[in-house]
Each structure stands twice: as C-alpha cells, then as structure tokens.
There are 2 protein chains.
Amino acid sequence: MTIRKMVNRRSIADAARAIIEVNGIDALSMRTLAAALDIKAPSLYDHVKNREEVIALVQSEWLRDFGAGFEAAGKSPSEKIHFYRDWALRNPNLYPVVFQQHLHRDLLPEGLELQILGIVVEAAGGSHLRARALWAQLHGLVDLELHGRLPDDADMEATWREVIRGVEAAIKSTE
Amino acid sequence: MTIRKMVNRRSIADAARAIIEVNGIDALSMRTLAAALDIKAPSLYDHVKNREEVIALVQSEWLRDFGAGFEAAGKSPSEKIHFYRDWALRNPNLYPVVFQQHLHRDLLPEGLELQILGIVVEAAGGSHLRARALWAQLHGLVDLELHGRLPDDADMEATWREVIRGVEAAIKSTE
DNA sequence: ACCTGAACACCGTTCAAGT
DNA sequence: ACCTGAACACCGTTCAAGT
C-alpha cells in the first residue's frame, strides 16, 4: 500500500519544475504532470486554473531562486555578470521559462522584480538606462548561446569579457 | 469551378508565413496550413519532411528579407541599429521564428548568415568580439520589449539611444 | 474538497488506397 | 507524383458523477 504525497499548488509547482528541468517546457503536459503526482489530469484543475498558471508558478519559484543567488553573488559588475551567465547555462530549460515568458506579476512575491532590477542597476553603476542596456546584453547573449545561433568558432569566453569591459568602461566614463 | 493554386515548397512557405505573421507560430498547424492551401494535411508530407521543415522554410525566406533590408539601411551604426529594432517590432510574430529558432543552415542561401554577420561587424566598427556583444544587445532588447518584460515606465527610446551611445563610445575608444 | 472516466475539439504523423 | 480518408498516439479542458 503506497501512500500518495499531498497534492497542492506547491507540489504541483515542484513536479512541473522537475519535468521542465529535465525535458524542457514542451514535455510539460497536464497528463504527464498529473502522472508524476499520481493523479489524473482533470484533478489538477481543482488546484490550478490551467497550464498557464502551472508555468507561472514555476516561473515565480525560480525567479526567487535566481534573485537570491544574484543578490548573494560578489558585488562587482564582473561577478554579477558571471553569475547571470552561469545560472542561465546551468538551467538551460528553466531560463526561457523564467525570462522569456510573459511575467505573471500577480503571482510574484512582493518586491521581487524590483529587487532584481535594483541589482542590475547597481551592477550598471547606478544608471537605470545603462541597466536596461546591460540586462538586454546579458539576456541576448544567453539566448543566442542557448539557441546555438552564434558561429561555431565564436569564442564565448572572450565575448563575455568584452561585455564586462564595455560596462566597466561606461561606468568609468561617468565617474 | 474554382482552380486551386499550385502547391509546392514555395507556396507552402508563403502560406505558413501568412499564418505566423497574423496569428503567431502556435497557430501554425499542419491542418490549418493545409486548409489554407486547399488540400488535406497528409498531402503536405509529399512536399516537406515535417512541420520543422515548414518553419525552416519561413525562417530562410525571412532571414533573406531581413538581410536585404539590413544591407540597404543607412551605414552608420545608429541607422543599422534603428533598422534592426524597427524590423523586429514591425514583425513581432516573425522575429522569434527568424532569430530564436535553431538555425537550419542547410536550407539557407549560401553566404547569407555571413553577410548579415558582416554587417553587424561593420556596424560595430570592425571588431568581431564587439559585433557579438552588440548583436546580443539588439537581440536581447528586442526580446525583452516583445515579451513586455521591462518595467512599464521604462523609456524605450532612451534605452535604445543608450545602446547606440555605448557602441559609438566603444568604437571611438579604439580608433 | 478532491478525485475519476468519458468526452470534445484539437494536435503531428503514418499508411493503404486512389488517380 | 500528388492527394485522400482513416487511424494512432497524443494534447488542454470540461463535466457529470462519485467520495
């Protein structure tokens, strides 16, 4: 006689995260998710509104994880940038879910988005404008790298160093 | 008596592009695509290998379109950057297909990828390294903008000006 | 409240059959 | 060569029914 673990929004989010992490977001179906929780697909709808909301829960859970690590990473621009890249490459299936879906702000812990934005602003030397330009660069480079869109012979280490150099130069120029 | 237009790889690509353009890539199913061409879904497989290949055809068609426009755009970094942004925002449903899918290089016109890369290198003042950093920034900013991931009050015009300023400063610093 | 089986309207793809 | 209907193994979601 096996006992089934309690099913609630948290356990659903955890099971969904595990599926996405291993097999990508396309592998997340309401049926596979239900199976992982030992119930049938229609039962999920007693806990969540729809598949969209399941994804939003994972997004929220992992944005919190990212935020904590980003906050804790060394405080120089270079260290923040390295953390961003490493987090993304360590979580290739989760990254697009967290940073490339519509952000369900209503399910987010209060202030989390602002906290993360604040760290980027700090790394960019205090300018909101440069912070957005920097974030775009980090996000874009990660995305191109994850999709294998850069030429095969592209030296990614050197490219990331170039990004860091650019930010440091921009900060120095306004000091 | 209605006559059906000829069905071939080109007409399939055109019909697929039209569907994606209007309703996004999720709306592209083999059944809706076949219906647009006045045939049944299984018949598509006499012309293409699978849905993946249909997408690759659209990707190839539009990368060529982008490349032609990018080439023709004014030759200053600022003008190239503006063209990139405008093209993306004018084609919000096509952009991810062209720049965020695995690139099927085997279906691409010879040299097209290198041509586009060359233009970015030129806009970046000749440095391959800075070209990748720049492309990442353009791609990332467009993606964040298309996904509405930046704060509502973010001044996008100013952010793009900041990107242009950064590139110009970087070029100047190595002249 | 939580779970179920059956059903609806969809998918991509295969295949035997027609012309 | 090109097209078809039928089928297979999937989807997300709804709903009446059970406890």
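Every heavy atom of this structure was used, including side-chain atoms; hydrogens, water molecules and symmetry mates were not. Residue numbers start from 1 in every chain, and the chains themselves are labelled A, B, ... in the order their sequence lines are given, proteins ahead of strands.
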Measuring from B:Asp26:CG to B:Ile19:CD1, what's the distance to the nearest 0.5 Å? 12.5 Å
Return all side-chain donor-acceptor pairs below 3.5 angstrom for residues 64-75 of chain A, not counting sequence neighbours, or 'none' if the list is empty.
from	atom 1	to	atom 2	distance (Å)
A:Asp65	OD1	A:Trp87	NE1	3.1
A:Glu71	OE1	A:Gln115	NE2	2.8

Enumerate the protein-to-nucleotides 1-5 of chain C contacts in which both atoms are nitrogen or oxygen and the separation is below 3.5 Å.
from	atom 1	to	atom 2	distance (Å)
C:dT4	OP2	A:Lys40	N	2.7
C:dT4	OP2	A:Ser43	OG	3.1

Report whether B:Val142 and B:Leu150 are members of the same hydrophobic cluster (ILVMFWY, side-chain heavy atoms less than 4.5 Å apart, transitive linking). yes
What is the distance, to the nearest angstrom, from the OH atom on A:Tyr45 to the P atom on D:dG12? 7 Å
Treat each ILVMFWY residue as a node, draw an edge where side-chain heavy atoms are under 4.5 Å apart, and state whether A:Val120 and A:Leu114 are in one component. no
Hey, what's the ring geometry for A:Phe99 with A:Tyr84, parallel, tilted or perpendicular (30° and 60° as the breaks)? tilted
Can you list the residues that meet the salt bridge (Lys or Arg N to Asp or Glu O under 4.0 Å) rule with A:Arg90, with sequence neighbours excluded? none
Residues that A:Arg165 engages under salt bridge (Lys or Arg N to Asp or Glu O under 4.0 Å), provided they are two or more places apart: A:Glu162
Sort me out a list of protein N/O and nucleotides 7-11 of chain C N/O pairs below 3.5 Å, or just none if empty.
from	atom 1	to	atom 2	distance (Å)
C:dC11	OP1	B:Ser29	OG	3.4

Atom CG of B:Asn50 and atom P of C:dT14 are separated, to the nearest Å, by 8 Å
May I have the step-by-step check of salt bridge (Lys or Arg N to Asp or Glu O under 4.0 Å) for A:Glu157 and A:Arg85, ending in yes or no? CA-CA 11 Å; A:Glu157 300 299 329; A:Arg85 182 197 184 192; 3.3 Å; yes
Which value, rounded to the nearest 0.5 Å, describes the distance between B:Arg51 atom CZ and B:Leu28 atom CG? 5.0 Å
Dot-bracket for DNA chain C, 5' to 3', counting Watson-Crick or G-U wobble pairs under 3.5 Å, with [ ] for crossing pairs and | for inter-strand pairs? ||.|||||...|||||.||
Please round to the nearest 0.5 Å and tell me the distance separating atom CD1 of B:Ile164 and atom NZ of B:Lys80. 13.5 Å
